[in-house]
Amino acid sequence: MNVGLSHLFDHVRSLRPRSDSDTLSHRAVGAQIAGRGLGGRRAFACIHSVDLDAPLPRTEIVTEGCQTPDEPSVRAADVATQSVDAQQGGHRSGWEWAALLLMPVAILLVLRVSPYFPLNNGDPFIYVGYANDFRRHVARFGYTYHAVRFGLIFPLRASLWLGPVWGYFFLRYLLYLLAIIPLYLVLRPQGTRIAVFGVALFVANPVSAESILTTYTDTIVVPVLCAVVCLMVFVYRHRGWKAAACAAVAGLLAGVSINTSIFSITLLGVSMGALCLVLLLARRYADLFRCAALFLARILIVSVAGMLVYRHMFGDANIYRTTWAASREVKNDSMWRSPSLIWLSTRRYAYAPLLALLLGGVALFRSRRVPRVAFLERLLIVGVLGACVGFYALYQFLLEGNTIETAYYYAYVIGPTCLVVAAATGWMGRFDRVPIWVFVATPVAIAYIAQTFALRRFVVFAIVTLLLCAVIVRSTRALVAGLA
């Protein structure tokens, strides 16, 4: 064992209370050992079983010469920390989960969001028609472009069991939970404040509302892609069967997304590519092949199951013929693409993921000296969004597509965008003493002001990320000055 880490643990053990009379408070011990160093916080949590969310006085500890995170001692510390977190979770009240379950309803009511967005075309009403009378629509019109999107049509039909009104709102509520619960769990290790902040960002921004509260492909793809990306982070965090289980669930959701919008296959592909690259860098070859195989297998299972249903109902399993034909038609038709780049000055929502990438990139650079395991996870979170935005730019500008200028296609990355903004905020480590209500109220207040004064879409991201960038740039300047 290296001298640095052994001295750290020896010093921590020396601080353990030996009797009731000389018991030290958790905060006093934390002031001595738990500074910004990740190893110090983990060791303190392992031995004293304290809440890592509690703000601790910051003192620097020496981490040079410590072991790499791949070595057994640090792995043992990680396992012990996870066990402490599990014990704390059992003693915590249920207010966190209660608040999480109520946040979509409460925030949407506060913002007075329209219960239904018809978009700018008739497609939502076409899907409503298929949901209400699926068999006779297919019998009359055949396998149209809309008819084979069973990832959207089948959930809509299932929701009608509760009636057209209650079923509509219940399905949308479940879709919100599908996105925000994995988002919350991914961010939870950084503290309740950051986890709640990420959820509030997703619920309060207008893109999520206009996507989920309608009847179009982004109704399903937006929450599903958010959940898939979060599950990919869990694949990296876990090993063995836990990682495989996360990959399998992600594959099932990816299959639903692909059979809702064929375009999402590219975003899922580049996201999986980012995960495989990170697993390769971590030298987890067995997890890489196992998880990639399970991911692809589950996509295949969902697709084949859909084909069998169509074959049973209509006698024809070839439901992808129409999809590929429509995709080629849209690709070769200039009607869907603007003749100039003037839309770059009016559709400012296009810059939200770029602002998130700026924030995430600077935060990633600032934290480049964290342990390798933690750095690779951060690289995965930022890299998934970067890969998706990179594909959007490639398809829009080099392949002459319309993916960025069309709002309901570009909305697919709103989940990864919220994840990067919230995660980068947590990586700064500068908000431990900010009350938790501020992390909920800030996105909601900005969204409320934006809609009240008719500001542009995505203004919540523009304001929040610029403020956060100001904080992080200041930190970076200090870092550069210290290195100089």
Side-chain angles (χ1 to χ4, degrees), residues 186 202 205 207 211 217-218 221-222 224-233 235-236 250 254 257-258 261-282 288 292 295-296 299 327 330-331 336-338 341 343-345 347-365 367-368 375-424 427 457-458 461-462 465 469:
V186 163
F202 184 86
N205 77 81
V207 176
S211 298
T217 57
D218 48 343
V221 176
V222 165
V224 165
L225 184 61
C226 180
V228 169
V229 171
C230 293
L231 285 169
M232 288 181 177
V233 178
V235 170
Y236 174 76
S257 177
I258 292 170
S261 172
I262 196 64
F263 174 74
S264 65
I265 192 173
T266 54
L267 302 179
L268 294 165
V270 297
S271 300
M272 191 63 188
L275 173 62
C276 291
L277 177 61
V278 170
L279 290 177
L280 188 65
L281 293 174
L288 190 159
F295 184 79
L296 295 175
I299 293 176
S327 299
V330 171
K331 174 67 174 62
W336 306 99
R337 178 179 169 84
S338 300
L341 297 178
W343 58 270
L344 287 172
S345 63
R347 302 178 185 179
R348 296 182 177 89
Y349 62 80
Y351 301 104
L354 299 179
L355 288 171
L357 283 175
L358 173 64
L359 177 64
V362 176
L364 192 64
F365 174 79
S367 62
R368 67 192 184 279
F375 181 79
L376 288 178
E377 179 180 314
R378 300 178 182 188
L379 181 64
L380 172 63
I381 293 174
V382 178
V384 166
L385 179 60
C388 291
V389 173
F391 176 79
Y392 272 110
L394 174 68
Y395 196 85
Q396 173 74 47
F397 299 111
L398 295 184
L399 301 180
E400 298 182 349
N402 63 325
T403 50
I404 298 180
E405 62 182 287
T406 305
Y408 46 78
Y409 286 145
Y410 202 53
Y412 292 172
V413 293
I414 189 65
T417 300
C418 295
L419 174 61
V420 169
V421 172
W427 299 340
R457 294 178 181 179
F458 276 103
F461 289 107
T465 54
C469 280

Dump the intermediate steps for side chain to side chain contact (heavy atoms under 4.5 Å, CB included) on L281 and L379, then the final yes or no. CA-CA 11 Å; L281 293 174; L379 181 64; 4.3 Å; yes

Heavy-atom closest contact (A352 atom, T417 atom, distance): O-CG2, 4.1 Å

Report yes or no: is the cationic atom of R378 (NZ for Lys, CZ for Arg) under 6.0 Å from the centre of the six-membered ring of F375, at an angle within 45° of the ring normal? no

Taking all heavy atoms of A250 and all of V228, pick out the closest pair and write down the distance. O-CG2, 3.8 Å

Partners passing side chain to side chain contact (heavy atoms under 4.5 Å, CB included) against I262 (at least two apart in sequence or in another chain): I258, T323, W324, S327

Can a donor-acceptor pair be found between the side chains of Y412 and T217 at a distance below 3.5 Å? yes

For S264 versus S261, what's the shortest heavy-atom pair and its separation? OG-O, 2.7 Å

List the residues meeting ring pair (Phe, Tyr, Trp, His ring centres under 6.0 Å) with Y392, not counting sequence neighbours, and say none if there are none. F263, Y410

Mind running side chain to side chain contact (heavy atoms under 4.5 Å, CB included) on V413 and L385 for me, showing each step along the way? CA-CA 7 Å; V413 293; L385 179 60; 4.3 Å; yes

Using only atom types and a distance under 3.5 Å, with no angle test, would you say the side chain of T403 pairs donor to acceptor with the backbone of Y395? no

Closest non-hydrogen atom pair between G360 and V420, with its separation: CA-CG1, 3.9 Å

Stepwise side chain to side chain contact (heavy atoms under 4.5 Å, CB included) check, V270 with C388: CA-CA 7 Å; V270 297; C388 291; 4.1 Å; yes

For C276 against L288, the heavy-atom pair lying closest together: O-CD1, 3.3 Å

At what distance, to the nearest 0.5 angstrom, does CD of Q396 lie from OH of Y409? 12.5 Å

Check each of V278, L364, V233 against I381 using the side chain to side chain contact (heavy atoms under 4.5 Å, CB included) test, and report the only one that passes. V233

With heavy-atom distances below 4.5 Å as the criterion, would you say the side chains of L275 and L279 are in contact? yes

Note, L419 side chain near F202 side chain (heavy atom, < 4.5 Å): no

Which heavy atom of S271 sits nearest to which heavy atom of L267, and what is that distance? OG-O, 2.8 Å

For S211, check side chain to side chain donor-acceptor pair (under 3.5 Å) against everything at least two apart and list the hits. D218

